[in-house]
Every structure is written in structure tokens, then in C-alpha cells.
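Quick note on labels: first sequence line is chain A, next is B, and so on, each numbered from 1.
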Amino acid sequence: MRFAPSPTGHLHVGGARTALYNWLYAKKTGGRFVLRIEDTDARRSTGDSYEGILRGLRWLGLGWDEGPDLGGDFGPYLQSTRGVFYHSDAQNLLEKGMAYYCFCTPEELEKRKEDSVRKKLDPKYDGRCRNILPEEAAARIDRGDGHVIRFRMPDEGNVVFRDIIRGEFSFSNSDLDDFILIRSDGKPTYNFAVVVDDARMRISHVIRGDDHISNTPRQVHIYNALGYRLPKFAHLPMILGEDRARLSKRHGATSIDYYREKHYLPDAMINYLALLGWSLDGKRELFERKALIEAFSLKKVSKNPSVFDNSRMEHINAEHFKKMPLFPKTVLAYRVLKDEGILPPDFKVDMSRPVDLKLVPGKEPILEEVLKEDRDFDQKEFQRLALIIKVFGNRLKLLKDIPEMLRYYYKDDFAVDEKAVSNYLDSAEARERMLLLSEELDRLKYFDVETVEEALRGLADRLDIDAGELIHPCRVALSGQAVSPDLFWVIIFLGKKKASERLRAAANPKG
RNA sequence: GGCCCCUUAGUCUAGUGGUCAGGACGCAUGGUUCUCAGCCAUGAAUCAGGGGUUCGACUCCCCUAGGGGCUACCA
């Protein structure tokens, strides 16, 4: 099994899915997952994308057993450093007469191809240099003539191979031409390098996108010519953009980096990617990593291309987030909050009385762990965050939404929904009530959810109005929004002083 | 142009001759609640088209159409 990306761009969802299936299959069967970088195109390969690909795979947790950074028994793992293998295998083919030197220039080739297209003929290589004698070729090379090495494709017959997902394939040799093995700059072409490397690296299974199906017959010829054993092939359906076109830059969020930066959960990403092109039974859709390895099977991979659906991705992410225990969830939230500058390290909580900590199960180990990495982080603050996360519950679906959603607990410059204000708060009556409510809060000796709720409902009774008449405007006053978790908890999280302040400010918009 | 792959709701899919064509996301409606989310219930929505084969086709065969790929000194 191997994943052999070329470092000519970022790691996109298609590449990641291919890597994932290779990884899953390797884990499932106890094989090795080999990472090889196909950088034979010097013009397009960059160090940045190489780094980016490794970063993406690491983030997804798809660790490899052999690779350019780790080494391994069949290295090196960068095609650009494997020249000697390609040349020796090409030489072998030359000696057997299964390959030959070709001196046609790119310009000539281009012209002849145009001609054939115009005459509606196959734009294949015409075999012009096929019969140049070895001595003559050697002489021309000595003379400094530019040359490539081509594969001598049989004129008749068929190539056949089996695909685990799609069954038998048979291609007629007459549809194939004498393709190039070694370019004039001495570098191998993809079809040649991939075979030499897969064979020499003892790759057992070639799992890749189905855009390689048509390349496979050429590769099979090379395997056979070189006397290498054929690996097993499995061609995965492509992942397309919403417009059903091949994925490209203009499709927006198709880079793994994007999801990493947006704080998606790697496990959710893995889960969703696994589902793009594979399903267990069409019913079960949530998988932990281990369950995925267990359930995965190449035979159940579908044949039809799929479209990356962001809303489904978000759904899977939300499900994973929902299932996460409070501790890791809080730690994650804490990191994001800090990253976004919402959470200052020296934040101090103002609560006249500690909130009910029964709500935080297993809080002691939590605190210890967090304190270990961040000495400056206030213990109480973390506790409060854990509670906020807990009370928000399923409202928090995506880690990336946390800064926005929790902003008003930490900052006074939170966003205000004008519509919410005009609906609930923008009346003399409501403002008056907010003032009364703030006074009510100020009078409280204790400050816990029950007490606060009693106070508010008591006030509503005395005013002879529905509790909602206080709750809704109060929510807007405190959070700027028409939506929030349980209002009484919001009051608790803000603390008596802050809550009362915001109520008074709302009662008095001018001041 | 040649060769190849694919085709079940908007999307991901289950389904290999007889099913009310199942599930999920999304969407809509109702219930619960202080709002929202959630949860529960309900609903709209699919076998690309045409020919065969068959007592019977989503399922098998052929054709057409649509989408995708390869046909590079890209991978």
C-alpha cells in the first residue's frame, strides 16, 4: 500500500481520501503504509507543497511507516533522488529491444500531432524512430542530439489486468502508442517511474484515483517487460466539485488546510472522507477511527464519483463534537479561544459564590492537565469555560463557531443583533423592566441559577407579566442576541456585577 | 477524433429479478422549551431516456444522452 502524491499543490480532499483508503487498508491488513513523493516534474514541484502535504497527513493522523522523512528499507522515497533505478531499468529495456531511442524534437512531435488531428487520425506517436539501429543511435547521442527513450508497444494483442473494485479490464495494444519512458532531461515520466518504484518498493496494492485507469495498461506493459510482479490495483471513484467538474482551486474549500485552520476535528474529517465513496451498509455513518479500520473494505468502495458536500461534513463534525467528553472539548475550546484572542490569560472571574460544580464531572484531573501546559491559565476560568461549554451543549457544533458564540462572556464589544433589540428591548417598558431586574440582581445575597431564576420569576409575578417578558429583553441586553442557552445560566456566567451592568446599560441606551 | 470509466431524491449512499425502492445530510411542518440548538413525530423529493430478455425488471443485455478520465518530454 502506498500513497504517492506529487508535491505540486496543497493536499486536497481527493488526495486525502486516497491516502486514507491506503492507510485504512494497510491498517486493516497489517501492511505498511508507504509515502513516496512523485516530484519528477521539477518545474511544478515545490518544497512548500511537500511540507503542506506532510502537514495535512499528520493533522489527519495518517501516519506512514516509510517515507522521505523516515526512510525505510526501500528508499529513498523522493523520486527526484531515484534516478539510478530508472536508468538501470530503462537500460535493461533498451538491451532487450523493448525500448528505443527517439530523436524527434518536441516541435516536430507537436506539428505531426496537429496534422493527425486535422486529418482526424489518432494523434499517436508514429513510430518514426523505432528502427534506428543501436549503433546509429549511439552515434547521434555522441554527437549531442537530444533524445528520449520510448517504450516499444506491441502492434497487436491486448493487455489485461484486474481491478479489485471494477473487475477485469482489457485494452487493445493498438490503441496505445510508444510512450516516453525517459525524457530528454534524463528524468523518467510518471508512467515509468511509478512502475519502477512500486515494483522496487514491493508495493502490493496500488490504490489510487480512477483517473489512472487508462494509464494502467501502459504500466502493466512495463511491469511485464521488466519481469516485475503485478501489484493488485484498486481504482477509486473521483471526488468532484459541486458542479461535477474535476476538483480544482476554484472549488473553494477543498484543501485539507482549510479544514485544519477552521478547527474541524481530524476524526470527523476522516469519518466524512471515508464515507465519500465507501459505505458499510448505507445505514451506519458515524465511525471512530478504530471502527473504521475494522469495517473498511475495498470491495465495498463504490464506482461512481461523488461530490463533496459541506453541510454533511459539518454534520459529521458536529456529531463527533457532540460525542466528545467535556474535558477534551473544553481544552480544544480553550485553545481556539486563545488563538482568536478572545480569552486573555489574566482573566479573573467575578462570582459572589461559586457555581454548582456538580455540573463538571471529573474536574480535578482536567485542571491539573491544563495547568501543566499553561501555568498562567486561571483555574477558575477553565472551570467556568467547562461549564459554559456544558451548558451550550449541542448548540456548539463546530469548534470554529466558539469564538463568535462565546464572545459576549469575555468581551464587552460583542455583536448586537439590531433586529433582536427592536423586537424585545426597544421600548420604554422593556427598558424600565431591565432596570428593575438589575436592581433585583443587585439585591441577591446568593448567586446561583435557582436564586436568579426565582428572583426573575418573582419580579415577573409582581409586575403581573409573563416571565418571557423579562427573559427575552434580558437575553438581548446581556448577549446582544435573540438566542442563547438557558438565560439563567448566562446570567451566572457573566456574574452578578457584569450582568447588572449590562442591564442598566440597556435600560439607559443614551448613557 | 480514438479508447476507458460512471449514472438510485439537491447531496452521500443501501439495494444483484418479485421491496410500500431503505438510511443519512439538507429542506418543510408539528410537538417540547424562556429563545436557539437538541430531541421526538410527520412530510415533500429518486431508479437519466429508449429498446429488448423475462410471467415479472432499479437489478441482466443493447443503444442514446449526460458527466468524468486518458490520449503530454503533467502526475
Once you apply a heavy-atom cut-off of 4.0 Å, does [X] come out as touching a base, just sugar-phosphate, or nothing?
| X | answer |
| --- | --- |
| A/Asn215 | base |
| A/His212 | base |
| A/Gly209 | nothing |
| A/Cys104 | base |
| A/Val148 | base |

Quick one: [X] [atom1] to [N] [atom2], roughly how many Å, whole number?
| X | N | atom1 | atom2 | answer |
| --- | --- | --- | --- | --- |
| A/Arg36 | B/A75 | CZ | P | 12 Å |
| A/Asp178 | B/C73 | CG | C1' | 15 Å |
| A/Ile316 | B/U13 | CD1 | P | 13 Å |
| A/Ile207 | B/A75 | CD1 | P | 22 Å |

Among [options], which nucleotide has an atom closest to any side-chain atom of [X]?
| X | options | value |
| --- | --- | --- |
| A/Arg246 | B/U11, B/A75, B/G69 | B/G69 |
| A/Ser279 | B/U13, B/C73, B/A75 | B/U13 |
| A/Ser306 | B/C12, B/A24, B/A75 | B/C12 |

According to side chain to side chain contact (heavy atoms under 4.5 Å, CB included), who are the partners of A/Glu114, at least two apart in sequence or on a separate chain? A/Glu110, A/Arg118

Side chain to side chain contact (heavy atoms under 4.5 Å, CB included) with A/Met238: which residues, sequence neighbours excluded? A/Asp210, A/Asp211, A/Leu240

Under 3.5 Å between N/O atoms: give me all the protein pairs with nucleotides 57-59 of chain B, atom names plus distance.
none

Can you check whether A/Lys283 has a side-chain N or O nearer than 4.0 Å to OP1 or OP2 of B/G22? no

Is any side-chain nitrogen or oxygen of A/Ser302 closer than 4.0 Å to OP1 or OP2 of B/U13? yes

How does each nucleotide of nucleotides 31-47 of chain B score, in 5' to 3' order, for protein heavy atoms under 4.0 Å: base (B), sugar-phosphate only (S), or none (-)? ---BBBSSS--------

Protein heavy-atom contacts under 4.0 Å, written 5' to 3' over nucleotides 1-9 of chain B as B (base), S (sugar-phosphate only) or - (none), form the string BSSSSSSS-

Aromatic ring pairing A/Trp278/A/Phe296, orientation class (parallel under 30°, perpendicular over 60°, tilted between): tilted

Is it the case that over 12 heavy atoms from other parts of the model lie below 6.0 angstrom from the NZ atom of A/Lys232? no

Are there more than 12 heavy atoms of other residues, nucleotides or ligands under 6.0 Å from atom CD of A/Glu429? no

Between [X] and [Y], is the ring centroid distance below 6.0 Å?
| X | Y | value |
| --- | --- | --- |
| A/Tyr77 | A/Trp64 | no |
| A/Phe308 | A/Tyr259 | yes |
| A/Phe179 | A/Phe192 | no |

Salt bridge present between A/Lys283 and A/Asp281 (N-O < 4.0 angstrom): no

Decide, yes or no, whether a salt bridge links A/Asp178 with A/Arg150 under the criterion of side-chain N to carboxylate O below 4.0 Å. no

Checking A/Ile132, A/Leu94, A/Val148 against A/Tyr101 for side-chain contact (heavy atoms from CB on, under 4.5 Å), the one that qualifies is A/Leu94

Answer yes or no: is there a donor N or O on one side and an acceptor on the other, between the side chain of A/His263 and the main chain of A/Leu332, under 3.5 Å? no

With A/His235 as partner, the option from A/Arg166, A/Arg208, A/His212 fulfilling side-chain hydrogen bond (donor to acceptor under 3.5 Å, both in side chains) is A/Arg208

Taking atom C1' in both B/A21 and B/C47, what distance in whole Å separates the two? 8 Å

If I take atom CD1 from residue A/Ile316 and atom OH from residue A/Tyr264, how far apart are they, to the nearest 0.5 angstrom? 12.0 Å

Taking the side chain as C-beta and beyond, is there a heavy-atom pair between A/Arg112 and A/Leu109 under 4.5 Å? yes

Complementary nucleotide for B/C20 - Watson-Crick or wobble, under 3.5 Å: none

Which of residues 79-91 of chain A have a heavy atom under 4.0 Å from RNA chain B? none

Please figure out whether A/Met238 or A/Trp278 has its closest RNA chain B nucleotide nearer the 5' end. A/Trp278

For A/Asn191 and for A/Arg284, locate the closest nucleotide of RNA chain B by heavy-atom distance; then report the residue assigned to the nucleotide nearer the 5' terminus. A/Arg284

